[in-house]
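These notes concern the structure reproduced below.
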Amino acid sequence: MSSPAATSLSDGRAAVRSITMPDSLRKLIRLLLGLAIAAVIWEGAVLLFGIRPYYLPRLSAILMAMAATPRAYVDGFLRTLAETLIGFASGGAFGVLMGVVFFRVRALREMVFPIFVVSQTIPVIAFGALVVLWFGNTLLAKAIIAFYLTFFPVTVNTLLGLETVDLRQVDLMRSFGASNGQLLLRLQLPTALPQIFVALRLAASLSLVGAIVGEWFGDTTGLGVLLLQAMFTENVVAIWGALLASALLGTGFYAVVAAVERRLVFWNAEQ
Amino acid sequence: PAAELQKASLRLKWLPQAQFAGFYVAVAKGYYKAEGIDLTINPGGPNLLTENLVATGADMFGLSGGTDSVFAARDKGLPIVCIGVSHQITPFIFVTRKDGPVKTLQDFKGKTVTTWFTGANHVLNGMLAKEGIKPDELKIQPQQVSVTPFVDGNVDVITATYYNEFYTIQSRMPKDSLKTFVAEDYGITFPRDTLIVAEATAKEKPELVKAFLRASLKGWKDAFSDTKGAVDTVMAAAPTLDRAQQEFMLTEVKRLMTAGAAARNGIFWIDADAVKTAHDFFLKYGVISKPLDLAAAYDASFIQSIPAADRLP
Amino acid sequence: MQAARLPNPGPTIEVPQAHPKPEPLLELRAINKAFGSVVALSGLHAAVAPGEFVTVVGPSGCGKSTLFNIVAGLEEPDAGGILRFEGKSCHAADLLGRVSFMPQRDLLFPWRNVVDNAILALEVEGMPRDQARAKALKMLPEFGLAGFEKQYPNQLSGGMRQRVALMRTFLFERDLMLLDEPFGALDALTRAMMQRWLLDVWQKYRRTILFITHDVDEAIFLGDRVLVMTARPGSVKLEQVVDLPRPRKPEIVTSPEFVRLKRALLDAIEEESMKSFQSSIAQEKSQ
Amino acid sequence: MQAARLPNPGPTIEVPQAHPKPEPLLELRAINKAFGSVVALSGLHAAVAPGEFVTVVGPSGCGKSTLFNIVAGLEEPDAGGILRFEGKSCHAADLLGRVSFMPQRDLLFPWRNVVDNAILALEVEGMPRDQARAKALKMLPEFGLAGFEKQYPNQLSGGMRQRVALMRTFLFERDLMLLDEPFGALDALTRAMMQRWLLDVWQKYRRTILFITHDVDEAIFLGDRVLVMTARPGSVKLEQVVDLPRPRKPEIVTSPEFVRLKRALLDAIEEESMKSFQSSIAQEKSQ
Amino acid sequence: MSRAIASPSLAVQRGILGAVLLIACWEGTARGLHLPAYVLPAVSDILVGLWSKRATLIDAAGYTLLEALVGYGLGCLIGIGLAVAIALVPALRAAILPLATAINSVPVVGYSPLILLWFGIGVSSKIVMVAMAVSFTILLSMLSGLDRVDRRAVDLMKSFGASRFGVLWRLRLPTALPLLLAGMRVSTVRSVIVAIVTEMLGAQGGLGWVIYQAVLQIDFVQVWSAIFVASAASLAFFGLIGFLERKILFWT
Ligand SMILES: Nc1ncnc2c1ncn2[C@@H]1O[C@H](COP(=O)(O)OP(=O)(O)OP(=O)(O)O)[C@@H](O)[C@H]1O
Ligand SMILES: Nc1ncnc2c1ncn2[C@@H]1O[C@H](COP(=O)(O)OP(=O)(O)OP(=O)(O)O)[C@@H](O)[C@H]1O
Ligand SMILES: [Mg+2]
Ligand SMILES: [Mg+2]
């Protein structure tokens with residue numbers, strides 16, 4: 001984008017920020033406060049009701065265990081993050097692409113779309129071993145599972161979004177002599193963007209599921225590995241540690257996608 | 001020189017833990033490199049089958065389930081060969097409460113017994129068969145990850161490995177309150193944790209296989225002599241593990257790996273008699289559909305080619 | 001100004017010689033258009049002279065938008081009709097990109113600000129953005145949009161949105177402009193403002209305009225000539241020349257001359273609208 | 001019919017004694033309403049006699065809907081104003097369920113067929129469905145909906161949907177009916193049909209009606225009295241009694257008397273609309 | 001949408017063509033390259049295997065479907081209940097929604113160890129997992145459905161004297177139905193998958209258990225047979241809800 005639009009965007013942003021900053025600060029404080037209260041309730045309930053640690057350990061015990069081996073959690077977090085991101089990005093891109101292709105080529109859509117639906121009824125975990133067989137013990141293998149879970153909702157929503165394009169707007173563009181490419185870039189994709197982002201938010205969670213499940217097939221690092229290890233050594237504290245770490249990753253990633261959505265789909269936000 | 005290193009991977013049967021300490025030590029100390037192998041250790045896990053990954057060439061070496069799974073794989077036509085056996089005696093035991101209703105194997109009748117269907121079930125069936133008990137006379141249930149149902153008294157008999165669940169149970173209830181049933185007491189042995197390679201590897205790269213065994217043996221011997229250091233090495237790969245449990249595990253694993261024929265012939269020894277007994281048992285109970293060529297399935301030539309001194313613990 | 005042509009009984013009218021100007025910009029002869037079993041247009045004749053402001057009224061569903069779609073090149077008429085543009089016979093599709101078309105509703109893109117919406121057609125033509133923007137910025141004050149260039153459509157009032165849409169149409173500089181009920185969604189008061197403003201702009205740029213409306217007052221107030229269409233299948237029922245002087249003041253709507261024209265048009269419309277109302281009820285009932 | 005009350009300069013008008021009827025059904029005095037910093041209504045006075053048909057016009061955003069929301073009980077006016085209904089002073093909330101309110105747009109529920117949409121208010125009142133349906137079925141022919149009772153809204157034309165919404169309002173039998181631009185979404189021709197039909201129905205049932213519109217012709221054609229509102233903050237600028245005889249024919253819109261009334265109203269509106277047009281631009285600009 | 005309905009037969013023909021082509025490709029690859037079953041079994045082998053093990057597979061599918069259906073029903077109830085509670089008591093929104101989002105952003109599989117620990121390896125743990133996965137989707141779609149209501153329609157109802165509950169029952173619930181049902185349709189497939197995945201982590205029966213066992217026995221034909229059955233079951237479930245959706249939402 002050239003400068004005028006850029007300035008206009010940043011202007012708008014600055015204005016928005018100056019208005020919402022105290023608001024977002026208040027939100028942050030409320031969030032932290034909420035977390036603190038939840039932590040106190042957790043700690044208190046375990047102590048008060050004498051819940052046995054292998055059912056529910058104390059929060060402080062979990063945090064201490066995490067602090068004891070920080071590298072494991074940091075490495076796991078980063079590794080899982082990488083897999084999630086690759087799967088998410090490729091799944092998102094492929095999903096949008098297939099959405100556009102299906103939108104354009106009706107015959108292909110009718111032939112392939114049902115197969116896409118069926119593919120989504122296959123439990124990943126059942127053919128995870130096949131992924132290892134085909135793609136080895138690599139980061140790629142995990143990313144592919146994340147990809148597999150991600151692309152479908154994006155395809156569906158892209159298609160849905162493209163189909164909500166106002167035919168009168170299409171006619172308007174055509175009356176200007178617009179080509180198919182111009183139609184797609186200037187009208188159809190922007191129109192579909194809000195719908196696409198709804199799917200991307202969902203995909204953010206799903207790609208993390210894919211990465212974690214993917215790590216259950218013989219990987220050495222990752223939050224999924226930590227989770228599995230904790231599960232099979234019956235180390236409940238470590239289970240919760242891995243769970244908290246993936247909650248952090250999941251919520252964070254979701255928040256980032258939602259923030260990007262607010263930035264890009266600014267025209268939809270105000271309703 | 002690094003350029004001449006042969007890349008290879010070892011697929012474990014389970015997640016990283018002291019059960020596999022020797023391999024990790026050998027990697028850490030460069031024993032594989034010294035033999036010209038650049039070895040990667042790939043963990044296993046639920047829903048992963050070492051036999052399958054080795055047969056398809058995804059991994060060159062594998063530490064597979066046990067004699068039972070080697071038989072099953074051969075029976076299904078998977079081209080794998082066993083080149084060594086880790087646990088010379090059955091690693092599973094059946095645990096009950098001393099003050100509970102189960103005093104003898106006969107008391108299993110009508111009781112709730114949980115076990116894994118990954119091989120331990122065969123051990124249970126074998127023991128029951130020796131006592132003339134039919135499996136449908138008791139309630140056999142799949143065993144979940146946790147020992148909590150047993151500790152809470154919801155289950156009468158639970159399956160445990162010496163090195164893992166037995167430890168967890170003991171951490172929850174005193175050892176002297178437990179009673180165990182051991183397969184060997186009933187005259188059966190199921191050697192487990194077998195090292196396998198694809199048939200093609202065995203045929204085309206016998207030197208590589210031997211080199212792998214030599215390096216692994218060195219690693220294990222080091223692990224046995226310095227258990228603390230070995231556990232350090234394992235925990236570098238899986239830092240969230242519980243150190244006390246891992247040390248216990250390594251001690252137990254050492255016992256299993258150096259028991260029976262291994263005491264005389266060294267680690268990874270293939271005890272042809274034990275294999276044959278197991279084979280006949282599985283054939284009798286329909287676990288495998290037809291008799292197998294045991295010489296083809298268990299190739300002891302590799303381990304035998306290594307000088308006895310290097311093998312003995 | 002041309003002489004008033006009074007109600008013509010038949011649906012088909014011979015037009016050419018009535019126009020003193022030698023060459024109509026647009027000429028339609030015996031245009032038919034059917035959608036499956038629905039015949040939208042049947043035997044439609046019309047001609048528009050360069051620089052003329054022609055308004056079109058007619059009952060809902062009579063085919064006004066269909067007519068526009070044909071002239072904009074979006075829809076081909078059925079075989080047999082003749083379509084002439086700038087003196088040359090052509091297919092509808094040849095007109096794509098050659099007339100500037102403003103459909104019913106403003107149809108602004110919510111993700112583009114005022115300037116970027118206005119330059120949409122220029123961008124499609126391939127003009128570099130900066131150049132197009134500079135051009136649009138110069139035009140803003142005339143459209144009452146000065147200072148609003150960075151606003152997004154959701155920050156504009158209905159009247160301003162319409163002006164942005166009109167500006168987009170104006171920036172797409174073609175000899176013929178088609179405006180399909182551009183003020184349909186506005187309230188009567190804003191609408192009156194917009195009408196006066198449109199006349200100002202038109203008088204300045206003198207483009208040829210074809211303008212659909214449902215509002216008879218609007219049709220008379222704006223047009224050099226009003227075309228009244230028949231109920232479906234649509235054709236031209238009446239061509240009414242509006243011989244009111246320009247510039248026209250708002251007060252004109254209560255002048256006797258205006259009221260007389262309105263009476264004549266309302267009678268014609270009333271007749272057609274009764275037809276279409278009845279047939280639409282009959283049709284709905286049969287579904 | 002009351003005597004014509006001509007333009008009154010101030011925004012606040014003393015109303016009571018002007019009405020010959022002893023007791024207005026609805027009376028508003030010095031009503032103010034602010035939304036944060038936006039003052040929608042300020043010092044509004046108005047009174048409606050039983051059985052009267054009062055139409056309300058005014059520039060967009062002047063507070064007409066706000067006024068209706070207050071009378072419908074949906075919004076409380078700011079402290080200080082007086083609201084009297086059936087002779088008794090009351091809070092706005094007391095009016096919930098006591099006037100029948102038809103908002104802008106038809107707002108039919110798509111999952112209910114014609115009859116079930118019509119009886120919505122009766123159901124809320126607690127009337128058994130069968131009884132309510134029977135009542136509605138009897139009324140259908142009068143609303144031009146005979147035979148359509150089982151249709152769903154998406155199977156109806158715009159005009160029919162409006163009639164269903166009106167029927168829903170009529171079935172909720174309250175002395176005062178509030179109609180907020182009920183014909184706003186219709187095209188001019190269907191709209192003319194609906195106006196005539198509404199007058200027929202009103203003459204039969206003689207409910208008191210308060211009717212918002214943007215269309216001056218409509219306001220005069222329908223009303224006993226037209227209230228012109230000022231630009232925001234809204235108050236009553238002018239009360240124009242319409243002394244045209246009833247029943248009124250469509251031709252009346254071109255009668256000199258009608259044109260005279262229209263002129264007077266348009267002048268008043270013009271003034272206000274200029275104000276609101278300018279202030280809306282200023283306001284938008286300042287955001 | 002309307003275009004799709006316009007030529008259903010052609011669409012169906014193309015769909016079938018697509019399926020046939022895929023199966024032909026699969027069969028061709030498996031047979032042509034002589035792939036062993038543990039890499040990719042041929043479709044024909046899978047179908048034969050499926051037929052020969054039909055009794056076991058049907059039992060297992062019944063077991064899994066039971067878990068999926070009960071969990072699905074429970075999840076729907078919880079999701080709808082929470083959404084309705086939020087609609088009736090707006091103050092609850094600030095309490096429930098952030099918590100729900102946080103819990104939902106951890107993959108369901110992440111909870112499986114704890115759920116297995118708390119509820120055992122029987123049917124109940126599967127039901128809880130399915131209910132968890134389903135209830136969030138339903139809560140979110142139901143809530144956005146309830147929020148989508150036209151304010152002017154609410155005002156209309158209020159002007160008739162309707163109570164908060166009256167508005168909810170007569171207006172907001174019907175308004176929310178389309179989004180709710182869309183959420184329910186998407187959840188069908190997830191419910192079956194979650195049941196299967198949880199079964200694979202420890203169970204006493206079901207398709208997931210069959211798959212797990214078959215993997216251990218290196219019986220990949222059976223793995224794929226079970227997957228086929230699972231797909232068919234999810235598709236049927238999906239189709240059923242889709243059918244109900246079209247029946248219920250006659251007005252869209
Ligand atoms: N693409 C189409 N397919 C089928 N029928 C169509 C199509 N476009 C228009 N029609 C039909 O042709 C007739 C004329 O439609 P058109 O939109 O031209 O009417 P109009 O005069 O513009 O009406 P309005 O005043 O309501 O805008 C209508 O009956 C309409 O239903
Ligand atoms: N709930 C609200 N909160 C804030 N401002 C409001 C609210 N309701 C109305 N307003 C403001 O009050 C003013 C009057 O609005 P109202 O809807 O009554 O106008 P109106 O006369 O009905 O306009 P129109 O003719 O466009 O329907 C407007 O400026 C509007 O923005
Ligand atoms: Mg039209
Ligand atoms: Mg209003």
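By convention in this document, chain letters (A, B, ...) are assigned in the order of the sequence lines, proteins followed by strands, and residues within each chain are numbered from 1.
Interface remark: A:V156 contributes no atoms to any contact with chain E (heavy atom separation under 4.5 Å). Proximity to chain A (any heavy atom under 4.5 Å) is restricted, for E:L116, to the side chain, taken from C-beta onward. With a threshold of 4.5 angstrom between heavy atoms, E:V192 does not approach chain A through any atom at all. Heavy atoms closer than 4.5 Å to chain A are found nowhere in E:L207, neither backbone nor side chain. Heavy-atom distances place no part of A:V112 under 4.5 Å from chain E, backbone and side chain included.
No other option in E:V189, E:V223, E:L21 has as many heavy-atom pairs under 4.5 Å with chain A as E:V189.
Separating the CG atom in E:L140 from the CZ atom in A:R201 is a distance of 9.0 Å, to the nearest 0.5 Å. Taken to the nearest 0.5 Å, the CZ atom of E:F136 stands 11.0 Å off from the OG atom of A:S205. Summarising the geometry, atom CZ belonging to A:R106 is positioned 8.5 Å from atom CG belonging to E:L10; distances are rounded to the nearest 0.5 Å.
There is a side-chain donor-acceptor pair under 3.5 Å between A:T121 and E:S231.
Contact record, E:I193 with A:I122: CD1-O, 3.9 Å, taken as the closest heavy-atom pair. Nearest heavy atom pair, residue E:G15 against residue A:P114, reads CA-CG, 4.3 Å. For the residue pair A:E110 and E:R14, the shortest heavy atom distance occurs at OE1-NH1, 2.7 Å.
Residues A:L243 and E:L114 form a side-chain contact, since some pair of their non-hydrogen atoms from C-beta on lies under 4.5 Å apart.
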